[in-house]
Amino acid sequence: MVRPDARPPAPAPEGGSLPDAAAVDLSVQLGPMRLANPIMPASGTFSENLARVMDLDRLGAFVAKSIYATPRKGNPTPRVAETREGMLNSIGLPSKGVAHFVAEHLPAYAGLKPPLVVSLSADTVAEFGPAAAEISVPGVGAIEVNISCPNLEADGRAFAQFPDATYAAMSAVRAATSLPIWAKLTPNVADIAAIAQAAEAAGADALVVANTILAMAIDVETRRPRLGNVMGGYSGPAVKPIMLRMAFQCARAVRIPVIGCGGIVTVEDVAEYLIAGCSAVQVGTQTFLEPGAMPRLIDELARWCAARGIGRVRDLVGTVRLDPDPSHAEWLAS
Amino acid sequence: MVRPDARPPAPAPEGGSLPDAAAVDLSVQLGPMRLANPIMPASGTFSENLARVMDLDRLGAFVAKSIYATPRKGNPTPRVAETREGMLNSIGLPSKGVAHFVAEHLPAYAGLKPPLVVSLSADTVAEFGPAAAEISVPGVGAIEVNISCPNLEADGRAFAQFPDATYAAMSAVRAATSLPIWAKLTPNVADIAAIAQAAEAAGADALVVANTILAMAIDVETRRPRLGNVMGGYSGPAVKPIMLRMAFQCARAVRIPVIGCGGIVTVEDVAEYLIAGCSAVQVGTQTFLEPGAMPRLIDELARWCAARGIGRVRDLVGTVRLDPDPSHAEWLAS
Amino acid sequence: MGDHCCPVVANVPVSARYWHMVLEAPPLACAARAGQFFHLKCPAPPGEPAPFFRRPMSVYQARPDRGRVEFLYKVAGHGTRGMAALRPGDSFDILGPLGRGFTLDLAWRRIIVLARGVGLATLAPLAQDAAQLGVGVTAILSARSPEDVLCREVMAEAGARVLAVTDSEGTSDPDKVAALIRAAVARAGAEAIFTCGSNRLLQLSQALARELGLAGEVALEQQMACGLGMCLCCVRAFRGADGEIEHRRVCWEGPVFPLQEALSW
Amino acid sequence: MGDHCCPVVANVPVSARYWHMVLEAPPLACAARAGQFFHLKCPAPPGEPAPFFRRPMSVYQARPDRGRVEFLYKVAGHGTRGMAALRPGDSFDILGPLGRGFTLDLAWRRIIVLARGVGLATLAPLAQDAAQLGVGVTAILSARSPEDVLCREVMAEAGARVLAVTDSEGTSDPDKVAALIRAAVARAGAEAIFTCGSNRLLQLSQALARELGLAGEVALEQQMACGLGMCLCCVRAFRGADGEIEHRRVCWEGPVFPLQEALSW
Ligand SMILES: Cc1cc2nc3c(=O)[nH]c(=O)nc-3n(C[C@H](O)[C@H](O)[C@H](O)COP(=O)(O)OP(=O)(O)OC[C@H]3O[C@@H](n4cnc5c(N)ncnc54)[C@H](O)[C@@H]3O)c2cc1C
Ligand SMILES: Cc1cc2nc3c(=O)[nH]c(=O)nc-3n(C[C@H](O)[C@H](O)[C@H](O)COP(=O)(O)OP(=O)(O)OC[C@H]3O[C@@H](n4cnc5c(N)ncnc54)[C@H](O)[C@@H]3O)c2cc1C
Ligand SMILES: Cc1cc2nc3c(=O)[nH]c(=O)nc-3n(C[C@H](O)[C@H](O)[C@H](O)COP(=O)(O)O)c2cc1C
Ligand SMILES: Cc1cc2nc3c(=O)[nH]c(=O)nc-3n(C[C@H](O)[C@H](O)[C@H](O)COP(=O)(O)O)c2cc1C
Ligand code: FES
Ligand code: FES
């Protein structure tokens with residue numbers, strides 16, 4: 001994959017020889033967790049079925065589809081629609097409940113190396129604590145708290161649309177588990193940094209920025225919405241510039257690590273999120289188009305770093321240069 | 001241009017013959033204004049220079065680049081960056097002030113048929129009233145109030161990120177002019193319907209939904225933001241599903257007309273906004289790639305309607321079908 | 001399993017609306033079973049961008065002896081327009097084989113395959129398998145008009161008894177098709193019925209299978225994103241063991257399902 | 001003016017990094033003036049999506065007699081990679097001619113054109129115009145190495161006195177170029193200097209023009225979105241009449257500007 005704005009690599013560092021891709025240290029630190037590399041799937045775009053096309057042990061972590069404490073059905077079909085550079089989905093978080101997950105899915109991860117991150121949703125703040133306690137079983141490495149799902153106490157708006165609901169939901173989970181907890185934020189907000197800070201204050205160990213953007217498409221012949229649920233979440237390359245901005249804003253607003261998510265296709269996209277301040281990234285939609293996207297990105301990231309004399313991937317994190325470009329000096333002065 | 005998801009037209013209405021494209025009534029009603037057709041430029045993507053490539057009299061209206069009461073400089077370069085299906089801009093609203101606009105630009109529109117809509121920005125609520133009064137001169141048909149620009153009293157956040165600031169800015173303009181006033185909303189909000197209602201309550205005659213989405217891109221080789229101003233506004237096809245959703249939400253939340261804006265390229269995009277509830281649309285970024293985009297869309301819209309037996313474009317407005325599809329009945333019941 | 005870039009050997013129209021594509025893909029040809037599908041990364045049709053999603057397409061023929069995988073498809077929209085633009089020598093990225101195919105009981109004397117349009121593409125390899133394994137086949141091929149009847153030769157060559165029914169001749173309505181099915185059961189001893197795609201054929205097959213005590217399966221279609229059971233977009237409704245309505249993924253639990261469990265829509 | 005789809009007549013590399021494209025475009029060939037540019041809708045390079053923006057490119061040759069418009073370009077990135085993939089017979093969507101070109105004073109005895117790399121593409125038609133109108137031309141062509149010197153023949157054919165200076169021969173540093181300019185003024189009577197693109201050449205030209213009392217213009221580059229003066233992205237800083245720094249649009253007030261008003265960067 002060649003990215004439209006790909007540039008030739010910068011020249012090798014003076015005097016030194018380039019490291020070999022195999023010698024690049026891909027590991028990253030995510031709060032209390034050390035991951036072998038920064039590439040992991042986004043919730044809802046991965047399952048153990050992917051073992052049919054790749055070696056799961058290569059991933060930095062596993063992130064499962066969001067589950068609720070109790071079983072629930074999903075949305076009407078059509079549940080997806082494609083757009084020019086992305087997709088809409090209104091799957092609607094069908095779930096067979098925590099107990100079913102523990103019994104039916106957890107065993108598939110036993111013996112695999114990467115940590116399993118369980119994504120947890122709930123309808124109300126009160127439901128989060130017990131569900132988090134129930135899922136805190138051996139084999140689960142962290143809980144990703146999907147506070148971008150609708151909060152039934154707030155007229156269906158997401159917890160993560162409000163700092164106070166974010167704080168309440170994350171605090172409930174924090175009190176109920178000793179596992180690392182990640183807050184998955186929604187981009188459907190005016191000020192994501194304020195939400196990020198509320199999650200941090202409630203004890204989140206990391207942030208995932210972000211879930212899908214609420215969007216819509218209409219079939220102009222039938223005049224029906226293209227999704228059975230009328231509106232749905234937008235993901236894929238089209239959303240990347242928005243998600244990158246939000247990840248950058250969050251990384252500057254909090255001290256906990258940020259995991260970037262949205263529109264990753266190329267190794268340059270991964271590098272862009274890391275440089276913007278993310279410690280790791282999640283890959284979603286691209287896996288639907290290219291099931292081997294994550295292992296490809298891991299290989300390419302090692303080569304990309306090697307070609308630029310970068311020995312450790314984590315040295316890229318947050319290195320965006322905000323100093324004024326000399327060629328802009330005239331503008332900044334005027 | 002063929003849209004990815006273009007379908008063959010629906011069969012002609014039983015028994016009737018199809019109207020001729022020339023016979024299709026393209027006019028639309030925008031509150032107190034009647035436009036010859038629903039296609040107009042988006043602010044900042046148009047000027048009288050376009051007369052070099054098209055007959056300006058064909059447009060539904062003109063919308064000028066946003067101006068401030070007093071002169072101001074813009075942002076540092078680079079001011080634009082391209083992405084896979086869109087662009088980022090941080091032009092920064094340079095303006096030579098209302099007086100300069102009246103003296104230097106207004107005369108170019110004298111004698112042209114479509115109404116001229118002036119887009120007005122201001123740094124504070126207090127500045128909006130006098131500026132609106134100053135620009136209410138003969139030759140100006142309406143004022144588009146760009147409340148999506150930064151409000152210096154709210155730490156640079158946009159007026160249209162808050163219902164109360166929206167209400168205050170629009171009320172100030174309402175009190176200062178008898179021209180029709182449009183509120184241009186920002187998509188960088190959690191709940192656009194609440195903003196739409198505040199603008200309506202303050203006396204707006206129409207809403208423009210919406211301005212650009214705050215976004216970012218980083219050059220991974222230099223590690224600098226691709227925009228001199230670090231972050232900027234995202235526009236083009238990539239944003240359409242988000243803007244369409246917001247236009248739909250606004251159209252259902254207010255009684256005043258909504259003008260859709262964001263990512264329009266094809267005639268199906270125009271139809272999609274109209275069906276979603278918009279009375280007219282604005283075309284921005286596509287004009288940069290294809291200066292003749294607007295006249296093309298006007299021609300195509302007439303043919304598109306004719307091929308489907310639609311005699312009046314305004315009959316499309318808000319015809320989205322939200323009744324449950326029979327094939328969904330099973331889901332809705334379960 | 002995985003995604004493979006395969007050279008196109010042939011890609012030609014076989015009627016006004018249907019195309020036939022042959023790919024060179026030796027390992028896949030061995031792996032693919034009747035009823036399974038591939039998920040295709042269709043290229044951009046001329047003058048249009050490439051479609052975003054992959055497109056599911058049944059294995060029409062997978063000939064291990066010739067190392068080829070074939071598709072029979074209708075040019076329906078954006079993705080299949082892109083498919084039709086492929087030329088011999090071009091490379092085509094296909095993911096699969098995916099999903100669960102048909103199950104044949106070798107004790108059956110005869111099966112009925114009932115399909116319309118490109119549904120035949122899905123059922124043709126089942127008929128071939130059955131014939132090869134010594135199970136008789138009655139193929140009821142439904143179409144708008146005699147020119148539109150697909151797979152007549154393939155079915156006949158495989159040894160199937162071919163009955164074409166068409167709208168233009170007035171032979172395709174449910175009653176007439178039901179009579180053919182009854183006859184195949186009563187006179188030729190058919191013990192199972194296989195169908196696919198359309199709601200009308202599903203309802204008819206379910207009703208007759210219930211009445212006549214036939215076994216059977218149906219291959220269903222639904223829009224897909226991942227094709228690997230991960231995204232949950234391709235669900236359809238089924239009557240579960242406990243009588244409850246449940247959702248199953250066409251790409252993962254299917255596309256072939258027990259005939260009586262599928263709910264018509 | 002407007003956008004036109006023109007057939008590609010030729011598109012070939014002329015050196016390791018530069019390409020030459022010839023388009024058939026009779027009306028545009030008549031309209032285009034030296035210093036103006038076209039805004040090009042570059043196609044997708046193989047294996048990449050098409051670039052989103054158009055790309056600005058100077059008129060290198062516009063020959064009304066042959067009905068052709070030509071570009072001389074460096075393959076720099078995404079868009080120019082796409083340009084280089086065009087083949088004779090392909091169609092290329094170009095918008096223009098745009099912007100304000102060079103102004104020649106027929107009273108001048110001689111002008112100096114000073115450029116490096118593809119900057120020559122912009123200045124070549126000016127040299128040709130001057131020569132045709134009886135104004136002498138001294139062309140100082142700067143490059144990395146003698147093989148890289150562009151437009152030597154075109155300039156010479158037009159009747160210009162060609163002086164090539166190169167980094168590899170150590171003849172291209174500012175002092176040596178300044179000496180050549182002084183000589184052209186003192187001995188050959190040059191009265192104006194024209195340059196383009198690079199900051200270094202602009203500063204040198206401004207200093208010498210001030211010192212020697214030369215008129216002159218500079219053609220500037222800046223990233224462009226619309227090319228029609230609407231988006232305000234292509235601004236550069238200038239010293240206005242009142243001494244204030246002001247922003248002007250390269251696509252609309254330029255790309256050619258009075259030499260002393262442009263601020264170096
Ligand atoms: C398991 C399976 C096997 C199939 N086998 C065949 C076959 O052998 N021959 C054949 O001609 N067709 C087959 N189909 C249908 C085929 O997938 C669609 O015709 C095709 O996806 C249409 O794509 P398009 O871009 O041309 O149409 P568009 O209408 O542009 O497609 C828009 C979206 O809807 C989806 N879609 C549209 N129609 C269908 C459909 N009937 N089923 C599933 N998704 C659909 C597309 O995949 C795409 O995501 C099969 C479908 C499934 C699920
Ligand atoms: C008026 C004018 C005339 C020009 N004439 C010529 C010419 O005759 N021959 C030639 O080889 N080049 C010329 N250029 C430069 C040419 O426009 C760039 O080389 C080209 O845009 C690079 O595009 P890219 O996609 O290959 O590079 P990328 O680096 O991928 O481009 C990324 C973005 O930056 C812009 N960009 C990059 N470099 C430049 C540049 N130097 N000037 C303006 N925008 C740039 C691109 O247009 C694009 O928007 C001219 C520029 C201008 C403004
Ligand atoms: C089909 C689909 C299902 C998803 N399900 C979930 C989910 O269950 N929980 C969740 O937190 N995010 C879910 N997401 C959002 C993704 O995890 C991710 O945030 C988003 O898709 C953006 O990343 P991408 O552009 O790489 O796909 C889903 C996304 C898609 C496309
Ligand atoms: C270069 C550029 C400049 C813009 N300037 C303004 C402006 O001055 N005032 C304003 O309200 N919107 C401005 N916009 C936003 C557009 O009017 C429009 O809302 C947005 O681009 C979405 O439409 P599009 O996707 O069709 O471009 C600008 C957009 C661009 C790309
Ligand atoms: S297509 Fe993703 S689950 Fe079936
Ligand atoms: S490129 Fe738009 S103003 Fe110059």
Side-chain angles (χ1 to χ4, degrees), chain A residues 4-5 7-10 73 75-77 81-86 88 157 161-162 188-191 213-226 228 230-231 234 237-242 244-245 248-249 268 271-272 275-276 308 319-322 324-325 327-328 330-332 334, chain B residues 4-5 7-10 73 75-77 81-86 88 157 161-162 188-191 213-226 228 230-231 234 237-242 244-245 248-249 268 271-272 275-276 308 319-322 324-325 327-328 330-332 334:
Chain A
D5 42 17
R7 301 269 172 101
K73 296 201 181 269
N75 284 329
T77 56
E82 62 182 357
T83 67
R84 260 168 81 149
E85 281 286 338
L88 308 183
R157 268 167 279 188
Q161 285 184 304
F162 307 95
N188 301 306
V189 295
D191 180 4
I213 305 182
L214 195 64
M216 182 175 178
I218 297 172
D219 180 319
V220 293
E221 301 302 342
T222 65
R223 301 195 194 170
R224 285 185 200 285
R226 288 186 184 272
V230 183
M231 296 183 263
Y234 192 24
V239 306
K240 197 198 66 179
I242 303 170
L244 184 84
R245 180 266 294 183
F248 168 81
Q249 290 179 314
E268 285 83 7
E272 207 175 352
I275 292 168
R308 284 156 188 80
T319 56
V320 57
R321 293 174 58 184
L322 299 175
D325 184 327
S327 81
H328 295 161
E330 71 194 32
W331 302 104
L332 294 169
S334 76
Chain B
D5 44 16
R7 303 267 172 100
K73 297 203 181 268
N75 284 329
T77 56
E82 60 181 359
T83 67
R84 261 167 80 148
E85 281 288 337
L88 307 183
R157 267 168 279 188
Q161 287 184 302
F162 307 95
N188 301 305
V189 295
D191 181 4
I213 304 183
L214 194 64
M216 182 176 180
I218 297 173
D219 181 319
V220 293
E221 300 302 343
T222 64
R223 301 196 193 168
R224 285 185 200 286
R226 287 186 185 273
V230 183
M231 295 183 264
Y234 191 25
V239 306
K240 197 198 67 180
I242 304 170
L244 184 84
R245 179 266 294 182
F248 168 81
Q249 289 179 315
E268 285 84 7
E272 208 175 351
I275 292 168
R308 285 155 186 80
T319 55
V320 57
R321 292 175 58 185
L322 299 175
D325 184 326
S327 80
H328 294 159
E330 72 195 31
W331 303 103
L332 293 169
S334 76

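Protein chains get the first letters and strands the later ones, always in sequence-line order, with residue 1 at the start of each.
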Exercise. Given A:E268, which of B:D219, B:V220, B:I218 fulfils the side chain to side chain contact (heavy atoms under 4.5 Å, CB included) condition?
Worked result: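 When B:D219, B:V220, B:I218 are each tested with A:E268, the side chain to side chain contact (heavy atoms under 4.5 Å, CB included) holds only for B:V220.
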For this session: Among B:I213, B:V189, B:T319, B:V239, single out the residue with the greatest number of heavy-atom pairs under 4.5 Å to chain A.
Result: B:V189
For this session: May I ask you to test the B:R245-A:N188 pair for a side-chain heavy-atom distance under 4.5 Å?
Result: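 The answer is yes, as the side chains (C-beta and beyond) meet within the 4.5 Å cut-off.
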Problem set entry | Side chain to side chain, A:F248 and B:M231, heavy atoms closer than 4.5 Å |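 When only atoms from C-beta onward are counted, B:M231 and A:F248 do touch, with a gap below 4.5 Å.
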Exercise. Which atom pair, heavy atoms only, marks the closest approach of B:A217 to A:L244?
Worked result: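 Where B:A217 meets A:L244 most closely, the heavy atoms are CA-CD2, 3.8 Å.
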For this session: Identify the two heavy atoms, one from B:P241 and one from A:T83, that lie closest to each other, and give their separation to 0.1 Å.
Result: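 Looking at all heavy atoms of both residues, the closest pair is CG-CG2, 3.9 Å.
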Exercise. Rounded to the nearest 0.5 Å, how far does CE of A:M216 lie from CD1 of B:I242?
Worked result: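 Answer for the CD1-CE pair, B:I242 versus A:M216, is 14.0 Å.
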Exercise. Once you round to the nearest 0.5 Å, how far does CZ of B:R321 lie from CZ of A:R223?
Worked result: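 Output value for this atom pair is 9.0 Å.
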Exercise. Is it the backbone or the side chain of B:V230 that comes under 4.5 Å from a heavy atom of chain A, or both, or neither?
Worked result: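 B:V230 touches chain A through side-chain heavy atoms alone.
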Exercise. Which bit of B:L88 is near chain A, if near means a heavy-atom gap under 4.5 Å: side chain, backbone, both or neither?
Worked result: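 The side chain, not the backbone.
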For this session: Would you please name every residue forming a salt bridge (charged side-chain N to carboxylate O under 4.0 Å, His left out) with A:R157, sequence neighbours left out?
Result: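 With sequence neighbours excluded, A:R157 shows a salt bridge (charged side-chain N to carboxylate O under 4.0 Å, His left out) to A:D155, B:D191, given in chain and number order.
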For this session: With sequence neighbours left out, write down each residue that passes side-chain hydrogen bond (donor to acceptor under 3.5 Å, both in side chains) with B:E85, or none if nothing qualifies.
Result: A:R84
